[in-house]
Protein chains: 2
Amino acid sequence: MRSRKEKWQVAVLEILQASEKPMSAYDVLGELRNANPRIAPPTIYRTLSYLVEKGRAHRLESLNAYIACKNHKHDKSAVITICEDCGAVDEYVATDVLKVLSNVIAHSGFATLRHVIELQGVCENCGFEQTSV
Amino acid sequence: MRSRKEKWQVAVLEILQASEKPMSAYDVLGELRNANPRIAPPTIYRTLSYLVEKGRAHRLESLNAYIACKNHKHDKSAVITICEDCGAVDEYVATDVLKVLSNVIAHSGFATLRHVIELQGVCENCGFEQTSV
DNA sequence: TTAGATTATGTTATATTATAACATAATTGT
DNA sequence: ACAATTATGTTATAATATAACATAATCTAA
Ligand SMILES: [Zn+2]
Ligand SMILES: [Zn+2]
Ligand SMILES: [Zn+2]
Ligand SMILES: [Zn+2]
């Protein structure tokens, strides 16, 4: 039998996967309330935390928002691009970047546990739209 | 004559510089209220935005907090390390990292305007403390 | 120098994001 | 079944951030 915990995780992941754009915790909450009007913020924050821990979703720190992971080729750390125009988000594998990063901080004795690498900018589509006016 | 705007910026920057650790906007607000009890959140958020735009301060997206810039060798983009144990923050010049990053996303057509690169982990001091127990 | 336009600041209220605290329910191990 | 543990529900509130608009300062050009 699937536990309640797992049911929430599946429901939230499906909502995130169905969205073209990052969703705030309260966006997800709104969707969940269609089926279950009494659900409260802690439930959704807990569920999002589990999903992020497992790598099934990512939290975008610069947006306070969440996406479903759509690129399982990375263990933990992805490079994430965020279009400021249309909100589209993509993930890239970051192995090389992490290598260079560890060189940059090599002499400091800092032991990295988690990377946040988010690039804000303009995606290909929006760039073309802008120049074609 | 120094404008009101500049006075706030100087005051906020001094507060950030005096702090060993990142401060939330409301931390800064609390300090400013010692001298000026009626100051309100928008003033401090505006001032922090100006300082961040000018590169005199950085916003740490993964902490919702701010630091004074203490490494003017970077134009815009720094690599920032954040110790989860003691809260200490350091900045590193990111030129190489940015180069590799642009390779990673080269084929996507994404034009990067702003980098958020924040490493969560354990600083040298806290690492030694942990292993010496 | 002053009227009008523009920009910056102050002020009030409120929106958004997130968690504390504790009660209840489910699950686990014996 | 029972106690111990973990997960969930629930209420309230904390923490972060901005909208909206009033007021004040600054700038520009007659
Ligand atoms: Zn991913
Ligand atoms: Zn776009
Ligand atoms: Zn800096
Ligand atoms: Zn430390």
Side-chain angles (χ1 to χ4, degrees), chain A residues 1-13 15-16 19 21-54 56-67 82 84 87 89 114 116 118 120, chain B residues 1-13 15-16 19 21-54 56-67 82 84 87 89 114 116 118 120:
Chain A
M1 167 82 183
R2 176 175 280 169
S3 69
R4 286 177 296 168
K5 182 172 175 175
E6 286 166 335
K7 281 182 187 167
W8 287 130
Q9 290 184 25
V10 170
V12 168
L13 199 54
I15 288 168
L16 290 176
S19 170
K21 301 188 180 170
M23 300 180 77
S24 76
Y26 278 77
D27 290 340
V28 177
L29 183 59
E31 292 287 324
L32 281 177
R33 278 182 169 158
N34 294 338
N36 187 334
R38 302 186 49 71
I39 187 172
T43 301
I44 182 64
Y45 278 101
R46 285 167 187 156
T47 304
L48 288 167
S49 295
Y50 297 137
L51 290 171
V52 168
E53 266 176 35
K54 291 204 270 182
R56 305 300 307 274
H58 299 294
R59 173 176 164 79
L60 307 185
E61 297 291 349
S62 58
L63 296 182
N64 295 343
Y66 300 81
I67 54 171
I82 303 169
E84 291 179 349
V89 171
R114 189 166 78 90
V116 175
E118 298 176 11
Q120 312 261 351
Chain B
M1 167 81 183
R2 176 175 280 172
S3 69
R4 288 176 293 168
K5 182 172 175 175
E6 287 165 335
K7 281 183 189 168
W8 286 130
Q9 289 183 26
V10 170
V12 168
L13 199 54
I15 288 168
L16 289 177
S19 169
K21 301 187 181 172
M23 299 181 78
S24 75
Y26 277 77
D27 289 340
V28 176
L29 183 59
E31 293 287 324
L32 282 176
R33 279 182 168 156
N34 294 338
N36 187 335
R38 300 185 51 71
I39 188 174
T43 302
I44 182 64
Y45 278 100
R46 285 167 187 154
T47 304
L48 287 167
S49 294
Y50 296 137
L51 290 172
V52 169
E53 267 176 33
K54 292 203 269 180
R56 307 299 307 274
H58 299 294
R59 174 177 164 79
L60 307 185
E61 297 291 349
S62 57
L63 295 182
N64 295 343
Y66 299 82
I67 56 171
I82 304 169
E84 292 180 349
V89 170
R114 190 166 76 89
V116 175
E118 299 176 10
Q120 312 263 351

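Bear in mind the structure is a predicted one, so any value in this text is a computation, not a measurement. Below, chains carry the letters A, B, ... as their sequence lines are ordered, and counting in each starts from 1.
Distance A:Leu48 CG to D:dT8 P: 13 Å, rounded to the nearest Å. Per the geometry, CE belonging to B:Met23 stands 15 Å off P belonging to D:dA15, to the nearest Å.
The main-chain N or O of B:Ile82 is never found under 3.5 Å from a side-chain atom of B:Glu118 such that the two would form a donor-acceptor pair. Here the side chain of A:Thr47 pairs a donor or acceptor atom with the backbone of A:Thr43 at under 3.5 angstrom.
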Using a 4.0 Å cut-off on protein heavy atoms (strictly under), produce a 5'-to-3' string for nucleotides 10-17 of chain C with B for base contact, S for backbone-only sugar-phosphate contact, and - for none. BBB----B
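For B:Ser49, there are no side chain to side chain contact (heavy atoms under 4.5 Å, CB included) partners, not counting sequence neighbours.
Between the CD1 atom of A:Ile44 and the CZ atom of A:Arg33 there is a distance of 10.0 Å, given to the nearest 0.5 Å. Rounded to the nearest 0.5 Å, atoms CG (A:Leu60) and CD1 (A:Ile67) are 5.0 Å apart.
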